[in-house]
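Remarks on the structure that follows.
Treat the numbers as computed from the prediction; the structure is a model and nothing was measured.
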Amino acid sequence: MPRWFLALAGWCLSADVLAALTLGIHSDEPAPSLGKLLAERLPAAFDIQLRPFDDVASITAALASGELDLAFLEEPLEPTPGVTTISELYPAALHILIDEDHGADNIGQVLAAGPVWAGTPGGIGYTLAMHLATDYGTPAPQLLDDPWSTVPSVYFIFGGLLPQDALQRLDGYRLYSIGDPDGNIAASIARGVALRYPNLRPFVFPAELYPSLSKAPALTLAVPTLLVGRESLDTELVYDLAQTLDHLAPEIASVYPLAGVEDVHHAPNAPRALPWHQGARRYRDRELPTLVERYAEFVGASVTVALAVISLGIAFYRRRRQARKDRLDTYYQQALACRQHLRDGEQPGRIAERLRALQEEVFELLIAERIDADSALIAFLNLSNQLLLETSGLQPEVVKR
């Protein structure tokens, strides 16, 4: 059997193994719906098997143990070894709902208002509630294990838009705003929290998004839900996966409207606890200009300047050379004038002195100007030497012999 056939078969088998991926998702919406969408809409090369979990800690543990290849995971504050980001999927917004019978001037007082349902232990809501209580100097909040055994005074939960059936069960609660949503967001409390916890960013619920909870807009926080994968996943496979997810963005937004909100995504160079997978980074950087393209304008300008300098240098050299030649031509004309004076009967001694003076000036010019022995110089020397011989009474023919 030809070797090339065996190599091709081996490559196909390895590609099939790489494309068989297990995706861990949280059992709460919108993760199941979006997981199903991805499993159905990804190309046939991606054999996605969904595996639901009841809490984030279990998903993280399954990723760390290698049981999962991919997962939907809210961006953590701390890195997870061996886990990388493939794509941002959708934001989870923090809903702070407080019993109308309780007043609160800050987040610390909200968390101290009574029993708090902040999601399951290890989740982003639970962890953030503990951190913020410490930041505000509030005693450890009473965080419930579930929202059913005890009626919470406060809901402190990250998630998607609340469905209608959930709103009906929240009668007597109001949506709490972390500061003034109409003010300077960059100077807001939400922005301050986001600076301390870089996986978060400010987010505004528009007015009457939940009319029964608040007529006014509310400033809150959001955390991106990521598609993460093991760092060891094949680079080309992750590149194709990131590309496919990018193309599916409109369909993801149709299932989960917050996914289409542009101002909740991280800036390209924002700090991340989970770095980009190499394949995802290659896809993100695909439209960046190459090194040649980035510096093409500079290189073009440099070449133009260099050509201009070279042209000026050549022109200067030619002009100076021509000036030297013109000066030698002047001495040659003076030598011709001496010959004419000699023929007109002027005393040879005076002509000889004038010629020697001209030769001395030419030799000084040669040294000062570093003039090459070109045809103009040779013509002058030949003429002046010939005239010197004539002034001495010698015939040039005799000298030549």
Side-chain angles (χ1 to χ4, degrees), residues 28-29 55-56 74 77 91-185 187-197 199-223 258 261 264:
D28 291 340
E29 290 291 349
D55 57 78
V56 176
E74 293 167 347
L77 184 61
L94 174 61
H95 292 74
I96 304 177
L97 306 171
I98 185 170
D99 192 318
E100 290 180 341
D101 295 335
H102 293 82
D105 295 327
N106 57 53
I107 300 176
Q109 293 180 10
V110 169
L111 295 174
V116 178
W117 168 239
T120 56
I124 181 66
Y126 194 99
T127 303
L128 181 62
M130 295 294 292
H131 281 301
L132 290 179
T134 301
D135 292 343
Y136 279 88
T138 302
Q142 182 185 350
L143 299 180
L144 301 174
D145 294 330
D146 62 72
W148 303 286
S149 301
T150 303
V151 178
S153 298
V154 176
Y155 286 91
F156 191 90
I157 51 175
F158 282 88
L161 299 180
L162 299 177
Q164 190 61 37
D165 58 341
L167 293 174
Q168 292 175 355
R169 294 194 299 270
L170 292 171
D171 185 32
Y173 289 85
R174 61 185 175 87
L175 185 63
Y176 180 82
S177 179
I178 309 175
D180 181 9
D182 296 324
N184 183 1
I185 301 297
S188 66
I189 298 173
R191 180 59 178 166
V193 174
L195 287 176
R196 294 198 302 275
Y197 305 98
N199 56 333
L200 305 174
R201 82 292 311 273
F203 180 71
V204 176
F205 288 125
E208 297 196 14
L209 175 65
Y210 306 120
S212 61
L213 299 177
S214 176
K215 300 293 184 181
L219 179 61
T220 185
L221 298 162
V223 61
L258 283 183
V261 179
V264 297

*Hey, is CG on D171 packed in by over 12 heavy atoms from elsewhere, all under 6.0 Å?*
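No, CG of D171 has 12 or fewer neighbouring heavy atoms, counting only those of other groups under 6.0 Å.
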*Count the heavy atoms of every other residue, nucleotide or ligand shown that sit under 6.0 Å from CG of D145, and state whether that count exceeds 12.*
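For D145, atom CG is not crowded (no more than 12 foreign heavy atoms under 6.0 Å).
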*Verify side chain to side chain contact (heavy atoms under 4.5 Å, CB included) between L200 and F158, making sure each step is shown before the conclusion.*
CA-CA 11 Å; L200 305 174; F158 282 88; 4.0 Å; yes
*State yes or no: are the ring centers of H95 and Y176 separated by less than 6.0 Å?*
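For H95 and Y176, the ring centres are not under 6.0 Å apart.
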Hey, are the side chains of [X] and [Y] touching, using non-hydrogen atoms and a 4.5 Å cut-off?
X    : Y    : result
L221 : F203 : no
L143 : M130 : yes
V56  : I124 : no

Side chain of [X], backbone of [Y]: donor and acceptor closer than 3.5 Å?
X    : Y    : answer
S214 : Y210 : no
D165 : Q168 : no
S188 : R191 : yes
D99  : H102 : no

*Provide the closest heavy-atom pair for L162 versus L213 in the form atom of the first, atom of the second, distance.*
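Taking every non-hydrogen atom into account, CD1-CD1, 4.1 Å.
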_Worked verdict on L161 versus L209 for side chain to side chain contact (heavy atoms under 4.5 Å, CB included)_ = CA-CA 9 Å; L161 299 180; L209 175 65; 4.0 Å; yes
*Please work out whether the ring planes of Y173 and Y155 are parallel, tilted or perpendicular, with thresholds of 30° and 60°.*
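Ring orientation of Y173 relative to Y155: perpendicular.
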*Any luck finding a side-chain donor-acceptor pair between D55 and Y126 under 3.5 Å?*
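No donor-acceptor contact under 3.5 Å links the two side chains.
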*Given the rule in the side chain to side chain contact (heavy atoms under 4.5 Å, CB included) test, do L170 and L97 qualify, once you have shown the distances and angles that lead to the verdict?*
CA-CA 9 Å; L170 292 171; L97 306 171; 3.5 Å; yes
